[in-house]
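Contents: one structure, followed by commentary.
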Amino acid sequence: MTIEIRLQQEQFDVARELALLEAGDAGAVASFTGIVRGDDDVEALELEHYPGMTEKALTALAEEASERWAVSGLTIVHRVGKLQKGEPIVFVGTASAHRADAIEAMHFLIDRLKTDAPFWKREHLTAGGARWVEARQADEAARRRWM
Amino acid sequence: MTIEIRLQQEQFDVARELALLEAGDAGAVASFTGIVRGDDDVEALELEHYPGMTEKALTALAEEASERWAVSGLTIVHRVGKLQKGEPIVFVGTASAHRADAIEAMHFLIDRLKTDAPFWKREHLTAGGARWVEARQADEAARRRWM
Amino acid sequence: MAIEMVYFAWVREAIGRDGETVDPPDDVTTLGALVDWLAQRGDGYREALGDPDRLRGAVDQVFAPFDASIEGVKEVALFPPVTGG
Amino acid sequence: MAIEMVYFAWVREAIGRDGETVDPPDDVTTLGALVDWLAQRGDGYREALGDPDRLRGAVDQVFAPFDASIEGVKEVALFPPVTGG
């Protein structure tokens, strides 16, 4: 069982993350990549996080996933700092002998990461200035699916 | 809405497939990669398929997925011919503005591909000879989840 | 009415060919009746087609149950349950 | 008892600092009571902490509800609902 959790400012390489998961003779690898979007008035995104707590929170989610599903590998990479539109922001990958375990563990991790990890997004506007992104009710609803 | 379906003998490049899906300003990209496994007595896998029908069956699945979920891109790549253990055999990728749509459409496609596309696996044994892989009840059960 | 038969996996191996043109009698109007008629052709056919539970079919390149009509169709495929992915 | 406070996102901006050491009175024993006590400090604090529905907290780096005890804790964080991923 391999758990890989990273916070980083620089871009990550999805191919490299997947190759690590595929190398474990798992049979099934599932992944999710979140990409910076934004309305036309948004120029860039900034990710603030809680140093010290963030990796602990992500590790706790990964450990819960590894108890609930038969997974042999879990990877979470989350970027922090200023990101441009179109850049990847988060990667969640899972490896398992069984495709349902890989897919459900991945789905759990990205849903719970949205509500249970201390990150805050701020949008930098094309017209200047910035605004904090509001939390979404839909994310709270998605979280309850895993209770 | 972009649907990409390919059958090929050669290895595919997961990074390239994901990059195409990410390029669509979708926000969420989900993927599944199946990798050739096998017991210790298995040396390689051979994939037979039904030329003429296979792409039609995969296209029908992709179209059903695009009607059921809000997806902007769907990719299915399936290899045929002889594959070595550890090599990727199938890739399913989806892009959407919403992560749940991307993940569920991907899960649907790989589940239904297992039961609704004309492929047959044969295992080449280390000791010589070969055996056809039997269909799994679990795949039929997974199919019914989407009815 | 001539029908192009195609066979896959161990059905193909048992019959010993990957396809053939057949011309069943007029009372053979369903996929199941076609399978029964073919199974009478001899050892390989009986081995391949004798157990409907292990057999699946497609009519004109679409999966079809054994009660599907084959009237007017061009191509019928017989094969084991699929195992791709 | 001294507590290290840390603030994030618009809570940090409204208060005007990313953290501070505070020493609340003995009757402040829960996260909610600590928030109420801090909110009395002035404009920035009231703006940041006045609406508990928009506020979340962590005690010693674990998410905690407002009725969580803060007795003996070292670090308390206050911030808006998270928006990562």
Side-chain angles (χ1 to χ4, degrees), chain A residues 5 7 32-38 45-61 76-81 83 88-92 106-123 129-140 142-143, chain D residues 2-22 30-32 34-35 38-39 43-70 72-85:
Chain A
I5 288 169
L7 295 174
F32 178 87
T33 308
I35 299 143
V36 179
R37 295 181 73 221
L45 205 66
E46 192 170 350
L47 260 288
E48 184 170 332
H49 77 116
Y50 184 169
M53 177 172 166
T54 314
E55 296 201 24
K56 273 190 251 185
L58 296 177
T59 302
L61 292 179
I76 303 174
V77 184
H78 203 301
R79 294 177 68 195
V80 293
L83 313 182
I89 175 172
V90 61
F91 172 87
V92 172
M106 174 274 281
H107 200 167
F108 166 88
L109 285 172
I110 187 63
D111 275 357
R112 289 291 299 275
L113 188 155
K114 293 263 177 187
T115 54
D116 289 48
F119 293 100
W120 298 274
K121 284 196 189 98
R122 182 158 59 170
E123 293 174 333
R131 67 180 171 222
W132 293 98
V133 172
E134 296 268 338
R136 296 167 62 241
Q137 289 291 330
D139 288 335
E140 200 49 51
R143 178 184 199 275
Chain D
I3 297 176
E4 290 300 316
M5 298 298 307
V6 284
Y7 308 122
F8 294 99
W10 53 253
V11 172
R12 170 178 55 71
E13 290 182 330
I15 290 175
R17 54 176 75 183
D18 59 10
E20 63 189 309
T21 305
V22 299
T30 65
L31 181 59
L34 178 65
V35 168
L38 285 167
D43 290 347
Y45 288 91
R46 186 164 298 113
E47 184 194 334
L49 309 177
D51 183 357
D53 286 348
R54 300 180 67 208
L55 199 65
R56 298 291 183 275
V59 169
D60 283 342
Q61 304 190 345
V62 176
F63 290 109
F66 287 132
D67 61 2
S69 170
I70 56 165
V73 305
K74 289 179 179 164
E75 185 173 300
V76 170
L78 295 172
F79 42 76
V82 301
T83 55

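Within every chain, numbering begins at 1; the chains are lettered A, B, ... in the order of the sequence lines, protein sequences first and strands thereafter.
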remark   = Cut-off 4.5 Å, heavy atoms of chain A, and the answer for D:Val62 is backbone
task = In sequence, state the C-alpha distance, the side-chain angles, and the governing distance for D:Glu20 and D:Tyr7, and then conclude on side chain to side chain contact (heavy atoms under 4.5 Å, CB included).
result = CA-CA 9 Å; D:Glu20 63 189 309; D:Tyr7 308 122; 2.6 Å; yes
key: Shortest non-hydrogen contact from A:Thr115 toward A:Arg143   = OG1-CD, 3.3 Å
message = Check whether A:Trp120 forms a cation-pi arrangement with D:Arg12 (NZ or CZ under 6.0 Å from the six-membered ring centre, at most 45° off the ring normal).
response = no
request  = Under 4.5 Å heavy-atom distance to chain D, tell me which part of A:Lys114 shows up: side chain, backbone, both or neither.
outcome  = both
ask   = Between A:Ile110, A:Asp116, A:Asp139, which has the largest tally of heavy atom pairs under 4.5 Å with chain D?
value = A:Asp116
query = How close do D:Gln61 and A:Met53 get, heavy atom to heavy atom, and via which atoms?
reply = O-CG, 3.2 Å
ask   = Given that the side chain runs from C-beta out, which part of A:Pro88 has a heavy atom under 4.5 Å from chain D: side chain, backbone, both or neither?
value = neither
